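Notes to accompany the following structure.
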Amino acid sequence: MSCPAPAKTHFADPFDDDKLREECGVFGVVGVSDAANFVALGLHALQHRGQEAGGIVAHDAATGFNSAHRFGYVRDNFTKSSLMETLPGNIAIGHVRYSTAGSKGAVIRDIQPFFGEFSMGGCAVAHNGNLTNADALRRELIERGAIFQSSSDSECIIHLMARSIQRKHADRIADALRRVEGAFSIVAMTRTKLIGVRDPLGVRPLVLGKLGEKGYVLSSETCALDIIGAEFVREIEPGEMVVIQDGKIDSSRPFGPSTGRFCIFEHVYFSRPDSIIGGRSIYETRHDIGIELAREAPVDADLVCPVPDSGTPAAIGFSQESGIPFALGITRNQYMGRTFIEPTEQIRNMGVRLKLNVNKALIKGKRVILVDDSVVRGTTSRKIKDMILDAGAKEVHFRIASPPTAWPCFYGVDTPNRDKLLAAQMTEEEMREWVGVDSLKFISLDGLYRAVGEAGGRNNACPQYCDACFSGEYPVTPSDQIEKGFEMKAAE
């Protein structure tokens, strides 16, 4: 089977600032009383995908569409009965956000779900991903009279729906999504229908669950099904649209045949370890990444310590494969959220120490292997190394559970510009010297593919996953970024 060509063109927290930002999370429920309460629980389980803001839209036969959009955590907003009572009905969708497109910062109008009133009735849309031709679409739509309320790329979908001549909401959504490029997992709702769509490459996740006798759920991850007691049914397939109404599911393929290119970094970092993707536990995959790392980059040491929390499963796998004892040499302060106030320069200079603390009694005099999920800018890696050495470690070795992140992601991840990515500027040895550790090794791209279940490694002629952040091979041309001067990797 031939591999399709790329589609054509038509920091406050000192620790998390050096991580790739999660994209967003979407969740929808139909066929149960007080659907918005289930959505709030689902969004709570998806909080790791976006901590900036959240929103819920619900529909009730008596009061119509109602919505609430709030900044901050789900637990601080959507657990209040006074708010949830304003969102009655048996159908609702929600969204948790970290901005990957649009304004960065406190702009209430950028919080999803977005809502539009059409001739056949209202429709709300929540989008996980990023549209790579949104700038061009926005210019075109504004020139034709559209009035945008937000700076989000996702609002283009509502305006494109408004211009469709189709008579059904689902058909208008399909019409709109045929015009966009990039990555999208969509959860939408009308008065009676819950709709889910994935882009033809299936870059971002979306799963279907069953709740009770007649209820159905759409979610970014399976972990959010678990929290409400929903049964996992299956993943929505790349390029598939499902329309759920009156306990029945209609499936279609509005974009024609497609070949999936799921984001491989979902396995490495974004998804929760208790979620299931492609029939495999995320925890199991990260554990296997550690095994591959130990085989590819062995080192003589006394302890294997994870950089919490995302490095833990890989560190366990590394320890078991290498025979080197696993130890929790670093403790994470679970009560320091991303909105932590840093009132003085002295506190700001504490940096990563505000979030992580080293177990000095365990580390002193030891040769320590630190396992982390990725290196982005490298600044946090240097700070963690300093903390380990200050605790009296004899040697520090970094093992990274992903290949070098050398290219930005344009499909729903807030990646720094390429000149801010350490691996784009330095060789592995130069990175080792810059971080200041005794050794630094990344898992190979083939090793990562083996860990996610591809025994033969990466198919270079037709990669099984989207791995553009590692390889520079973009499955969808980032049109807007090229217009702004971004240079893609030259063909080899």
Side-chain angles (χ1 to χ4, degrees), residues 22-32 35 37-51 54 56 74 92-96 98 126-129 183-188 194-199 201-212 214-242 244 249 251 260-289 309-310 312-314 373 412-413 451-453 464-466:
E22 300 88 341
E23 328 84 74
C24 293
V26 293
F27 195 84
V29 176
V30 66
V32 297
N37 289 319
F38 288 96
V39 171
L41 289 169
L43 294 180
H44 178 72
L46 297 174
Q47 189 77 85
H48 59 287
R49 300 185 73 88
Q51 294 82 35
I56 296 176
V74 173
I93 66 171
H95 185 273
V96 285
Y98 178 79
H127 169 215
N128 171 210
F184 53 83
S185 281
I186 301 287
V187 171
L194 183 66
I195 301 168
V197 197
R198 285 180 79 189
D199 67 78
L201 296 178
V203 176
R204 296 284 153 232
L206 189 64
V207 300
L208 174 68
K210 183 86 165 57
L211 183 61
K214 296 183 178 180
Y216 281 94
V217 185
L218 291 169
S219 173
S220 290
E221 294 184 39
T222 62
C223 65
L225 302 180
D226 299 336
I227 198 173
I228 63 170
E231 174 192 356
F232 171 69
V233 176
R234 64 178 178 87
E235 295 181 8
I236 304 303
E237 296 180 6
E240 182 184 14
M241 170 184 280
V242 293
I244 307 168
I249 302 173
S251 173
R261 292 283 295 275
F262 184 67
C263 170
I264 202 166
F265 211 81
E266 290 278 356
H267 287 285
V268 174
Y269 178 66
F270 293 133
S271 294
R272 252 176 51 170
D274 52 333
S275 285
I276 306 293
I277 292 178
R280 283 176 61 90
S281 157
I282 292 293
Y283 179 91
E284 176 188 357
T285 295
R286 291 174 187 170
H287 176 271
D288 290 351
I289 289 173
D309 291 310
S310 53
T312 301
D373 59 84
V413 181
V452 299
Q464 304 94 314
Y465 287 86
C466 176

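Scope of the values below: all heavy atoms of this structure, side chains included, with no hydrogens, waters or symmetry mates. The shown structure was predicted, so the numbers you read here are calculated from the model rather than taken from an experiment.
Although no hydrogens or angles enter the test, the distance criterion places a donor-acceptor pair under 3.5 Å between the side chain of Thr222 and the main chain of Ile276. Side-chain atoms of Ser185 never come within 3.5 Å of backbone atoms of Asn128 as a donor-acceptor pair (strictly under, hydrogens ignored). Between the side chain of Asp199 and the main chain of Phe184, a donor-acceptor pair closer than 3.5 Å is present. No donor-acceptor pair closer than 3.5 Å links the side chain of Ser219 to the backbone N or O of Phe27. Formation of a donor-acceptor pair under 3.5 Å by the Glu240 side chain with backbone atoms of Ser251 is not found in this model. Side chain of Thr285 to backbone of Val452: no donor-acceptor contact under 3.5 angstrom is found. At least one donor-acceptor pair closer than 3.5 Å links the side chain of Arg272 to the backbone N or O of Ala45. In terms of modelled atom types and a separation under 3.5 Å, the side chain of Arg198 and the main chain of Arg204 share a donor-acceptor contact.
Rounding to the nearest 0.5 Å places CG of Asp274 at 8.0 Å from CD of Glu221. The structure places CD1 of Ile244 at 4.5 Å from CG of Leu194, a figure rounded to the nearest 0.5 Å. Note that the CG atom of Asp309 and the CG atom of Asp373 stand 10.5 Å from one another [nearest 0.5 Å]. Expressed to the nearest 0.5 Å, how far CG of Leu201 lies from CZ of Phe262 amounts to 12.5 Å. Note that CD of Glu266 and SG of Cys466 are 10.5 Å apart. Values are rounded to the nearest 0.5 Å. Going from atom CD1 of Ile56 over to atom NE2 of His95 covers 12.5 Å, rounded to the nearest 0.5 Å.
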### Message
Is there a side chain to side chain contact (heavy atoms under 4.5 Å, CB included) between Val233 and Ile249? Walk through the geometry before answering.
### Response
CA-CA 12 Å; Val233 176; Ile249 302 173; 5.9 Å; no
### Task
Evaluate side chain to side chain contact (heavy atoms under 4.5 Å, CB included) for Val26 paired with Ile186, printing each intermediate quantity in order.
CA-CA 8 Å; Val26 293; Ile186 301 287; over 6 Å; no
#### Entry: Stepwise side chain to side chain contact (heavy atoms under 4.5 Å, CB included) check, Phe38 with Val217
CA-CA 9 Å; Phe38 288 96; Val217 185; over 6 Å; no
### side chain to side chain contact (heavy atoms under 4.5 Å, CB included) between Val242 and Leu218, worked out
CA-CA 10 Å; Val242 293; Leu218 291 169; 4.2 Å; yes
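Ser310 places none of its side-chain heavy atoms less than 4.5 Å from the side chain of His48.
Nearest heavy atoms, Phe270 versus Arg286: N-NH2, 3.8 Å. Considering all non-hydrogen atoms of both residues, Gly94 and Ala126 come closest at O-CB, 3.9 Å. The minimum heavy-atom distance linking Tyr465 with Cys263 is given by the pair CD2-C, 4.4 Å. Shortest non-hydrogen contact noted between Ser281 and Pro273 is OG-O, 3.9 Å. Here the closest non-hydrogen pair linking Gly260 and Pro238 is CA-CG, 4.0 Å. Taking every heavy atom of both residues into account, Val96 and Leu46 meet most closely at CG2-O, 3.5 Å.
Around atom NE2 of His44, no more than 12 heavy atoms belonging to other residues, nucleotides or ligands sit under 6.0 Å away.
Ion pair Asp288/Arg280 flagged as a salt bridge, since at least one NZ, NE, NH1 or NH2 atom sits closer than 4.0 Å to an Asp/Glu carboxylate oxygen.
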